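Take a look at the structure below.
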Amino acid sequence: MVKKKGYLLAINYIVRQGRTYASLLIKGKRSVKLYYQYDPYFLVDAPSSEIGKLSKIAVEKDGRVVRPLAIEQTERTVNLEKKKFLKVLCHSPADVPVLKHAIPYPAFEFDIPFAKRFIFDFQLTPNGLMRYERQGRLITKILSCEPATPNLRALAFDIETYNPLGTPRPKKDPILMISYANSKSGVITYKKCSNKNTEIVANEKELIERFCEIVREADPDILFGYNSGNFDLPYLLERAKIIGAKLDFGKTKINLTRKGMIGGASLSDRIHVDLYPIIRLFGFIGVLKISDFTLDTVANEILGRGKVSISRENIWQSWDSGNIEDVVSYSLVDAQLTMEIGKLYLPLELELSSITKQQLFDTTLSTSGQLVENLLMFHSVARNELIPTKPVGETIDERIANPIQGAFVKLPQPGIYENIAVLDFRSLYPSIIVSFNIDPSSLVKGKRQAECHQSPTGAMFLKKPKALVPAVLEELIDFRAKLKKQLKTLDKGSGEFKILNARVQAIKILANSFYGYIAYARSRWYCRECGESVTAWGRKYIQETMEKAEKAGFTVLYGDTDSIMLVYKKKEDVLDFMEKINKELPEKMELELEGFYPRGVFVSKKSEEKGAKKKYALLGEDGKIKIRGFELVRRDWSPIAKETQYKVLEAILKKGSEQNAIAIVRDAIERLRKGNVKMEELAIVTQLNKDPRGGYEVISPELAAAKKLLARGVPLEKGSLVSYVIGKSGSSISEKAVPLEVAKDYDADYYINNQVLPAVMKILKELGYDEHQLKGFGKQKSLDSFFG
DNA sequence: GCGAGCAGCGTACCT
DNA sequence: ACAGGTACGCTGCTCGCG
């Protein structure tokens, strides 16, 4: 028996002689795979008198007989009360669903994958430092596993493939080169090439095998890729199989599996970290604002530098022509950028992983809902509370069909204003959940009012004991506050700061996802009354604060969910007001100053006199303009319209010059009329959220353009982005929509009347060119003659 | 048969 | 496949008119 320690990098399982073993990838001086015997199980709500009968259950499944390994008594807390269950221990994880169906009692905790169950039951922290006792390859005792920051080696890679049809077909199109990057980077290929850092091998088979050799030599803990779970790794696997290459990344044979909704691929003795999913998640929750998620765009946005620009479609032509120098440098830069993005995002992924108690690989493929779910499951086990079952079928449909009322948005009065203060509630929903102990288990009926918080909907939440959701959330918020304090002591720009900052960001993402998870139709902890109460309290606080601001003499311009914009005379008044409000708020809640803005503009809706919500521009004290909702922040408007709108906003907010603004519009119209606007400036980018080969009810312009691309053999599917220009030929806009790649001309009238003018008129209106005056210039048609 | 008006689809945004 | 609230363009239908 030897006492050991090492970082717990990954958990899987194997079944040997009818018993299940957790397989743990542990990094000490070197990485080892060790095993721990642990039986999978699930719970049933049956009396203990049934143990004998249930033990004898035997069901045939795929030619073998499945029996319980053993049945034990156990106890869990359900809605604050202790309840007895039977624990059905199984020979293998695969037996769990079989026995669950065979036992005629309500079953629980049968939908938790073995590796997760193992982490929960032993309260392990993935990537943490584990102390254990071992005997050969068997772990005999797990002593502890606490959060830690392992120093992990990484290697990034990227493959380029032959692609005469645009999208490569793994059955036919070979891999042409593989690039890699860590401290040292290079490209392997099998055609002559003069670039340095290029290694020439004989053929595709040697290419794959040489790459594996490089991976084994570098011996990374982590293999970084970009969309590698969906593309590079499955492609490598398939090509290796077809041409008979040995795909061997390490000590054990490669083990590629696809998992989950998000395509992924896992390795058996290294951690594959595909960076694409986290980037998409950041896009989805609005942390990253980019037009598309190609490595190019992402690198440009977050690293501030792009890569050699060649078009992917032409890789095969370069290959055929024998001039592969450009493709080789492109490929190398891809691997290097992937490495850079990996360095930037690994601390965040590691933090998400150790906080939500999911192994790193699972974390990279998790949606924010899964992160919260896993975190709650872990703490549910810690509190010995029964983990609720995932909903299915009609339960989900019913929840979706009955949405919960959301936030309050104030209708703004259109106009140009000076001296605007923006205040917002810090983490409004999380602070409400914590302040009022909002949780399915603390929701009670008929309790005495003194023991409860009563929400504006009438729902009652016990003040004590502190329930799972608020307890976990509070811990998260407090931990984040602690890290933020540490952050202030560090030098911005230092490596330490960047890592800590990423950790702070990770926790924020998590904390902000809790409300969404409670109100999520597929949530284990879904609770309609809880969700309704959170938003109702939110509406109450924002509306009351607005009323108090009005009473204090401010003009409240606008507010959305947790923010309030008001016009002030003295900054001091704003600070006094905030202080007064904060004294009245519950302890966990706080109204913060977001900033002061010298000038701002709110516009009216397109077809009504009323103000438009979620659309405004504020000029900051630093001269920066904060723009929300306008066409210019939308990717489905043409650059010419967006640029013109920006310049008009700038002219008005910064210079206060309407003459200047008019001149800008006039100039844009003139350029459009003369026909010397580049196609790129006219491109409208739209994402297809359904399959373009069916599934749509009406033929929209983007769909028409997509169909034209499909006809040319360009592969498009659900999720693809289509860039198109409105051309001259055709009657409807859809008929006129031509893919950017083939667009030759454009409809100047369309761009003037349907793009540039609508975008700028709503702003010019606020300069006194109001509806009535505009009518003096005639209808839409002659508007451009006024400008022209 | 035709244009106006409108509902519904679809997308992208805000917090 | 975390929530709901919102604006708005375009298609394709209905309806009244001639």
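In what follows, every chain begins at residue 1, and chains take the letters A, B, ... in the order their sequences are listed. Keep in mind the model is a prediction, meaning the values are calculated, not measured.
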(Q) Measuring to OP1 and OP2 of B:dC14, would you say a side-chain N or O of A:K289 lies under 4.0 angstrom away? (A) yes

**Q.** Proximity of A:Y276 and A:F293 rings by center, below 6.0 Å
**A.** no

Q. Any chance the rings of A:Y558 and A:Y616 have centres within less than 6.0 Å?
A. yes

Q.
Less than 4.0 angstrom between a side-chain N/O of A:K690 and OP1 or OP2 of B:dG10, yes or no?
A. yes

Q | N or O in side chain of A:S734 less than 4.0 angstrom from C:dT11 OP1/OP2 | A | yes

**Q.** A:V409 side chain, from C-beta outward: closest of C:dG5, C:dG12, C:dA3
**A.** C:dG5

Q. Does a nitrogen or oxygen in the side chain of A:K614 sit under 4.0 Å from OP1 or OP2 of B:dT15?
A. no

Q. From the list B:dT15, C:dA7, C:dC10, which nucleotide is the closest neighbour of the side chain of A:D560?
A. B:dT15

Q. What is the distance, rounded to the nearest whole Å, between atom CZ of A:R399 and atom C1' of C:dA1?
A. 14 Å

Q) Roughly, in whole Å, what's the span from NZ in A:K605 to P in C:dT6? A) 9 Å

Q: With heavy atoms under 4.0 Å as the rule, sort A:I404 into base, sugar-phosphate or nothing.
A: sugar-phosphate

**Q.** d(CG, A:D747; P, C:dC10) in whole Å
**A.** 11 Å

Q.
Is there a side-chain contact between A:R628 and the phosphate of B:dC13, meaning an N or O under 4.0 Å from OP1 or OP2?
A. no

**Q.** A:I433 CD1 - C:dA3 C1' separation (whole Å)
**A.** 11 Å

Q.
So that I can tick it off, tell me whether A:E373 and A:R524 are bridged by a salt bridge, with the cut-off set at under 4.0 angstrom between side-chain N and carboxylate O.
A. yes

(Q) Does A:Y750 reach a base, just sugar-phosphate, or nothing at all? Heavy atoms under 4.0 Å. (A) sugar-phosphate

Q) Where the side chain of A:K762 is concerned, which of C:dG5, C:dA3, C:dC8 is the nearest nucleotide? A) C:dC8

Q. Quick one: A:N689 CG to B:dC13 C1', roughly how many Å, whole number?
A. 13 Å

Q) So, is A:Y696 near the phosphate of B:dG8, with a side-chain N or O under 4.0 Å from OP1 or OP2? A) no

Q.
Under 4.0 Å, heavy atoms only, any strand: does A:F425 hit a base, just the sugar-phosphate, or nothing?
A. nothing

(Q) Please tell me if A:N754 has a side-chain N or O lying less than 4.0 Å from either OP1 or OP2 of C:dC10. (A) yes

Q.
Once you apply a heavy-atom cut-off of 4.0 Å, does A:V633 come out as touching a base, just sugar-phosphate, or nothing?
A. sugar-phosphate

Q | Per A:Y520 side chain, nearest of listed nucleotides C:dG12, C:dG5, C:dC2 | A | C:dC2

Q | Donor + acceptor pair across side chains of A:Q687, A:S720 (<3.5 Å) | A | no

Q. Mapping A:K718 and A:N402 to their closest nucleotides on DNA chain C, which lands nearer the 5' end?
A. A:K718

Q) When you look at NZ of A:K626, are more than 12 heavy atoms from neighbouring residues, nucleotides or ligands closer to it than 6.0 Å? A) yes

Q) Below 4.0 angstrom from OP1 or OP2 of B:dA12, is there any side-chain N or O of A:Q687? A) yes

Q) OP1, OP2 of C:dC2 versus side-chain N and O of A:T367: anything below 4.0 Å? A) yes

Q) OP1 or OP2 of B:dC13 less than 4.0 angstrom from a side-chain nitrogen or oxygen of A:R634, does that happen here? A) no

Q: May I have the distance from A:K626 (atom NZ) to B:dC13 (atom P), rounded to whole angstrom?
A: 17 Å

Q: Go through C:dC2, B:dC9, C:dT11 for me and flag the one nearest to the A:E697 side chain.
A: B:dC9

**Q.** Distance, rounded to the nearest Å, where A:W637 contributes CH2 and C:dG9 contributes C1'
**A.** 7 Å

(Q) Rounding to an integer number of Å, can you tell me how far A:L352 CG sits from C:dC2 C1'? (A) 14 Å

Q: Describe the nucleic acid contact of A:L703 in one word from base, sugar-phosphate, nothing, applying a heavy-atom distance below 4.0 Å.
A: nothing

Q. Looking at A:K289 and A:E301, does any basic side-chain N land under 4.0 Å from a carboxylate oxygen?
A. no

Q. Contact class for A:G406 vs. all strands (heavy atom < 4.0 Å): base, sugar-phosphate, or nothing?
A. sugar-phosphate

Q: Could you check whether A:W525 gets within reach of a base, just the sugar-phosphate, or nothing at all, counting any heavy atom under 4.0 Å?
A: nothing

**Q.** Touch class at under 4.0 angstrom, heavy-atom based, for A:T686 against every strand present
**A.** sugar-phosphate

(Q) Among A:D745, A:D749, A:D747, which residue satisfies the salt bridge (charged side-chain N to carboxylate O under 4.0 Å, His left out) criterion with A:K736? (A) A:D747

Q) Counting side-chain heavy atoms from C-beta on, which of B:dT15, C:dC2, B:dC9 comes nearest to A:T561? A) B:dT15

